[in-house]
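Presented below is the structure to which this report refers.
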Amino acid sequence: QVQLVESGGGLVQAGGSLRLSCAASGRTFTSVALGWFRQAPGKEREFVAATTWSGTNTYYRDSVKGRFTISRDDAKKILYLQMNSLKPEDTAVYYCAADSVTYRTVVPVYETSFGSWGQGTQVTVSS
């Protein structure tokens, strides 16, 4: 089991940048895929980005490709989401999540693949 705590959210103007961090504890951090999801008011939670346990492969939802970058620092047990060129439609609570399966060979993109979740951090982008 992996415990996750997000930070780095806040209020930013459109076009600005934020870097989210997700600090993890637990022995399996380095052996599981990690991902970011978000939930806007009145909407369902949606996939944003994920990376395999090795960090070799990543996958992004189309609307954030070229603007967001997911990365992991296994030595520090931190997952990052660098968000550039932010848009008002990026406003949401952002959650990090850890895969429930170790050493998955493909990038998981479905909520049901993730067994551990953080509490979320609010990102608000003003126009």
Side-chain donor/acceptor pairs under 3.5 Å, residues 14-26, sequence neighbours excluded:
{"from": "Ser17", "atom 1": "OG", "to": "Asn84", "atom 2": "OD1", "distance (Å)": "2.9"}
{"from": "Ser25", "atom 1": "OG", "to": "Gln3", "atom 2": "OE1", "distance (Å)": "3.1"}

Using 30° and 60° as the class boundaries, would you call the ring planes of Trp53 and Tyr103 parallel, tilted or perpendicular? perpendicular
Would Asp90 and Arg67 satisfy side chain to side chain contact (heavy atoms under 4.5 Å, CB included), going step by step from the backbone distance to the final call? CA-CA 11 Å; Asp90 295 318; Arg67 300 189 298 122; 2.8 Å; yes
Rounding to 0.5 Å, atoms CG (Asp99) and OG1 (Thr51) come to a distance of 11.0 Å
Verify the cluster assignment for Val107 and Tyr110: are they in a single hydrophobic cluster under the rule of side-chain heavy atoms below 4.5 Å apart? yes
Tell me if a side-chain donor or acceptor on Arg72 pairs with a main-chain N or O of Phe29 at a distance below 3.5 Å. yes
So how far is it from Ser116 OG to Tyr95 OH, rounded to the nearest 0.5 Å? 15.5 Å
Is any side-chain heavy atom of Gln122 closer than 4.5 Å to one of Thr91? yes
Mind checking whether Thr69 and Leu81 have side chains closer than 4.5 Å, heavy atoms only? no
Ionic contact status for Asp62 with Lys65, cut-off 4.0 Å: yes
Rounded to the nearest 0.5 Å, what separation is found between the OG atom of Ser63 and the CD atom of Glu46? 6.5 Å
If we ignore hydrogens and angles and just use 3.5 Å, is the side chain of Tyr60 paired with the main-chain N or O of Ala50 as donor and acceptor? no
Could you go through the side chain to side chain contact (heavy atoms under 4.5 Å, CB included) check for Gln119 and Glu6 one step at a time? CA-CA 7 Å; Gln119 84 289 349; Glu6 303 95 336; 2.9 Å; yes
For Cys96 and Leu79, the nearest pair of non-hydrogen atoms, with its separation, is CB-CD2, 4.1 Å
Is there a donor-acceptor pair under 3.5 Å between the side chain of Ser100 and the backbone N or O of Ser113? yes
Rounded to the nearest 0.5 Å, what's the gap from CH2 on Trp36 to OH on Tyr80? Could you check? 10.5 Å
Between Phe37 and Trp117, does the ring centroid distance fall short of 6.0 Å? yes
Examine distances only and state if a side-chain atom of Asp73 and a backbone atom of Lys76 form a donor-acceptor pair shorter than 3.5 Å. yes
First locate atom CZ of Phe114, then atom CG of Leu34, and finally report the distance between them rounded to the nearest 0.5 Å. 7.5 Å
Checking Arg38 side chain against Ala92 main chain: does a donor-acceptor pair fall under 3.5 Å? no
Non-hydrogen atoms of Gly120 and Val93 that approach each other most closely: CA-CG1, 3.8 Å
Straight-line distance of Phe47 CZ to Arg61 CZ, nearest 0.5 Å: 8.5 Å
Between Ser31 and Thr102 (side chain of the first, backbone of the second, donor and acceptor by atom type, cut-off under 3.5 Å), is there such a pair? no
Looking only at atom types and distance, does a side-chain atom of Thr52 sit under 3.5 Å from a main-chain N or O of Asn57, one as donor and one as acceptor? yes
Disulfide (SG to SG under 2.5 Å): which pairs involve residues 28-71, sequence neighbours left out? none
Main-chain N/O of Gly9 paired with Thr121 side-chain donor or acceptor, under 3.5 Å: yes
I'd like to check Arg45 versus Glu111 (side-chain heavy atoms, cut-off strictly below 4.5 Å). Are they in contact? yes
